[in-house]
Engineer: 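Following this message is one structure expressed as structure tokens.
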Amino acid sequence: MADSPPDRPAPAEALALAIRERLSIEGAVELPGIGTLRRHHEPARVAHDDQGHRVLLPPRYTVRFESPA
């Protein structure tokens, strides 16, 4: 397989960019025959560190994979 020209991302990078963009806009990406990637929001929460101090964990988005039924 030939290398991509310098002005275009490699195929794997292009796929990752397309999935990331679609997740940010629509919240889900269906991969036919494989499953679905869904954006999931985790709210901020308070946790305790190793010394028992309370720390605030900021909100974040994660991606979850759902396999077809």
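All values below were derived from every heavy atom in this structure, side-chain atoms included, with hydrogens, water molecules and symmetry-related copies excluded.
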Engineer: Show the nearest heavy-atom pair for residues L56 and A44, with the distance to one decimal.
Structural biologist: CD1-CB, 4.3 Å

Engineer: Nearest 0.5 angstrom please: R54 CZ to D49 CG, how far?
Structural biologist: 11.5 Å

Engineer: With hydrophobic residues grouped by side-chain heavy-atom distances under 4.5 Å, do F65 and V63 end up in a single group?
Structural biologist: yes

Engineer: What pairs with H53 under ring-ring contact (aromatic ring centres under 6.0 Å, His included), at least two apart in sequence or on another chain?
Structural biologist: none

Engineer: Ring pair (Phe, Tyr, Trp, His ring centres under 6.0 Å): which pairs involve residues 22-44, sequence neighbours left out?
Structural biologist: H41-Y61

Engineer: Treating Ile, Leu, Val, Met, Phe, Trp and Tyr as nodes and any side-chain heavy-atom pair under 4.5 angstrom as an edge, say whether V29 and I25 lie in one connected cluster.
Structural biologist: no

Engineer: Anything under 3.5 Å between a donor and an acceptor, one on a side chain of residues 12-22, the other on a protein residue two or more places apart or in another chain? List them.
Structural biologist:
unit_1: R22; atom_1: NE; unit_2: E26; atom_2: OE1; d: 3.2
unit_1: R22; atom_1: NE; unit_2: E26; atom_2: OE2; d: 3.3

Engineer: How many angstroms lie between atom CZ of R64 and atom OG1 of T36, to the nearest 0.5 angstrom?
Structural biologist: 14.0 Å

